Amino acid sequence: MKKLVLIAGARPNFIKISPLMRTMARSYGDRLNPILVHTGQHYDHEMSQAFFDELEIPPPDYYLGVGSGSHANQTAQIMIAFEEVCLQEEPDVVVVVGDVNSTVACALVAKKLGIRVAHVEAGLRSYDLTMPEEINRMVTDVLSDFLFVTERSGINNLKKEGKADRAIHFVGNVMVDTLYFQLSRLEKTENPSPQPAEPFAVLTLHRPSNVDDEEKLREIMGAMAIIAAELPIYFPVHPRTQQCLQAVGFTEGRMWKNLTFLPPLPYQTFLRLWKDAALVLTDSGGMQEETTALGIPCLTLRENTERPVTINEGTNILAGTSASTILAAYASFKTSGGKRGRIPELWDGKAAERIVAVLAED
Ligand code: UD1
């Protein structure tokens with residue numbers, strides 16, 4: 001029996017871990033022994049437990065309870081606690097997903113103990129080292145023995161960095177596995193709260209470079225107020241963003257007519273909302289991919305993306321972070337009716353099956 005330790009720390013990790021855990025339990029019960037570690041990077045009920053419940057992720061075998069802190073502090077806390085887990089469990093492989101601090105911290109601990117590391121969502125590059133996620137991605141890939149790639153750009157990036165062909169596996173996108181699986185479930189259940197009747201947009205915002213910087217936040221929110229006057233915007237607010245909005249005195253009120261602030265939403269409630277949106281405005285990596293998968297126009301509130309397939313093939317457009325570029329992108333959305341795209345190669349809901357097959361064989 002091969003022992004795998006899987007790491008989940010932050011909200012997008014839970015979405016990616018879910019199809020891996022389900023596939024292992026369904027088809028590999030006699031060959032793989034998965035052990036789930038929740039680092040506690042995200043801890044609020046609506047950022048964590050709500051996702052475990054809805055995505056039917058089994059309770060973690062270990063909860064490290066690290067919580068928030070500076071990057072060094074959070075990363076160090078995770079490393080110290082996770083080393084104990086590795087020493088106790090002696091796994092064959094540690095599986096990390098995405099690009100959060102939990103990803104890099106656990107990869108580093110495992111590799112130094114001589115344990116093989118598998119990275120799900122390897123090879124994505126923005127080449128923007130001011131993003132903590134880019135640092136996490138690059139370091140994690142250097143350390144990984146299995147590199148599971150979501151789009152072809154990832155293969156090229158990893159080869160340029162000298163990774164061996166045999167370590168690179170182009171498997172598709174586990175985020176999309178969860179999306180299709182949960183969408184099919186949603187279609188079978190009744191909507192407890194009716195959708196907005198008029199066309200609407202959905203906004204998400206949490207990148208430190210957008211929300212921690214007061215000027216940037218004012219630019220973006222200024223553009224949102226103008227767009228919302230024409231197209232109502234629903235805005236589930238990430239805890240980081242909540243703190244930043246409060247700090248500059250932005251709270252829901254008359255100045256935000258047609259811009260509805262919501263708490264962070266559980267997966268299905270959020271999907272139920274955005275799947276019918278006319279437009280998504282976001283700085284999230286996952287949302288860029290999910291909107292491409294469902295063919296919904298997306299304006300990304302960033303200067304670059306590590307997910308070029310969403311632009312080259314999907315519905316995504318880089319709108320920048322100043323009010324003028326965002327409003328120009330919105331104007332072109334209005335005249336064109338929104339960018340159309342196609343679903344990228346292997347985004348077919350079966351990425352987890354491909355990943356687990358490789359892990360079980362090797
Ligand atoms: C993290 C990831 C980011 C990912 C995002 C998804 C890193 C470096 N960043 O960013 O890649 O896209 O998660 O959400 O790992 N907080 C709460 N409750 C929680 C979690 C966080 O209140 O359950 C607050 C804390 O005060 C903290 C802030 O939100 O200071 C930011 O949390 P943190 O995990 O540091 O980074 P995120 O911005 O969420």
Side-chain angles (χ1 to χ4, degrees), residues 7-18 37-53 55 60 63-79 81-82 96-108 119-122 124-126 128-141 150 174-175 178 203-213 216-217 235-247 262-267 270 280 282-291 300-302 304-307 310:
I7 309 299
R11 188 169 60 174
N13 292 169
F14 310 141
I15 301 167
K16 291 166 195 167
I17 282 288
S18 161
V37 174
H38 183 336
T39 63
Q41 178 174 347
H42 284 178
Y43 44 85
D44 284 352
H45 178 85
E46 64 263 35
M47 298 293 285
S48 174
Q49 189 57 46
F51 282 73
F52 272 73
D53 295 345
L55 304 180
Y63 183 75
L64 308 183
V66 296
S68 303
S70 69
H71 283 274
N73 195 293
Q74 190 176 57
T75 308
Q77 298 287 342
I78 297 168
M79 288 181 69
F82 184 58
V96 297
V97 300
D99 56 14
V100 304
N101 286 342
S102 301
T103 310
V104 68
C106 295
L108 194 48
H119 184 204
V120 174
E121 207 183 84
L124 297 178
R125 296 287 180 271
S126 65
D128 174 1
L129 283 161
T130 63
M131 286 178 76
E133 293 83 359
E134 182 69 3
I135 300 169
N136 294 344
R137 285 190 280 266
M138 293 181 103
V139 175
T140 303
D141 285 343
T150 52
V174 283
M175 195 102 183
T178 296
L203 166 67
T204 80
L205 204 58
H206 77 281
R207 290 270 152 239
S209 56
N210 280 341
V211 301
D212 292 2
D213 176 338
K216 231 4 135 37
L217 189 58
F235 179 24
V237 185
H238 186 284
R240 168 190 287 283
T241 311
Q242 179 67 34
Q243 292 167 18
C244 300
L245 287 170
Q246 255 161 9
L262 301 167
L265 298 177
Y267 188 89
F270 185 46
V280 169
T282 191
D283 62 4
S284 144
M287 283 302 286
Q288 292 174 55
E289 298 182 330
E290 292 171 316
T291 46
T300 292
L301 308 175
R302 284 175 49 189
N304 54 41
T305 179
E306 60 288 338
R307 291 158 160 95
T310 61

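Note that the coordinates shown come from a computational prediction; the quantities given were computed from them, not determined experimentally. Start at 1 and go down the list; that is how both ligands and their atoms are numbered. Residue numbers start at 1 and run along the sequence shown.
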Of Thr204, Leu301, Thr291, the residue whose pairing with Thr282 passes side chain to side chain contact (heavy atoms under 4.5 Å, CB included) = Thr204

Value rounded to 0.5 Å, distance of CG in Leu217 from CG in Asp212 = 9.0 Å

Do any nitrogen or oxygen atoms of ligand 1 lie under 3.5 Å from a protein nitrogen or oxygen, and which ones?
from, atom 1, to, atom 2, distance (Å)
ligand 1, 11 (O), Glu133, OE2, 2.8
ligand 1, 12 (O), His206, NE2, 2.9
ligand 1, 13 (O), His42, NE2, 3.4
ligand 1, 14 (O), His238, NE2, 2.9
ligand 1, 15 (O), Gln41, NE2, 2.8
ligand 1, 15 (O), Asn101, N, 2.8
ligand 1, 18 (N), Asp44, OD2, 2.9
ligand 1, 22 (O), Asp44, OD2, 3.4
ligand 1, 23 (O), Tyr43, N, 2.9
ligand 1, 23 (O), Asp44, N, 2.8
ligand 1, 26 (O), Gln243, NE2, 2.8
ligand 1, 34 (O), Gln41, NE2, 3.2
ligand 1, 34 (O), His42, NE2, 3.2
ligand 1, 38 (O), Arg240, NE, 2.6
ligand 1, 38 (O), Arg240, NH2, 3.4
ligand 1, 39 (O), His42, NE2, 2.8
ligand 1, 39 (O), His238, NE2, 3.0

Any residue meeting side chain to side chain contact (heavy atoms under 4.5 Å, CB included) with Phe235, in chain and number order, not counting sequence neighbours = Leu203, Leu205, Met221, Val237, Thr241, Leu245, Leu259, Phe261

Does the gap between the ring centers of Phe52 and His38 come in under 6.0 Å?
-> yes

About how many Å separate SG of Cys244 and NE2 of His238, when rounded to the nearest 0.5 Å?
-> 10.0 Å

Ser18 (side chain) donor-acceptor with Leu55 (main chain) under 3.5 angstrom = yes

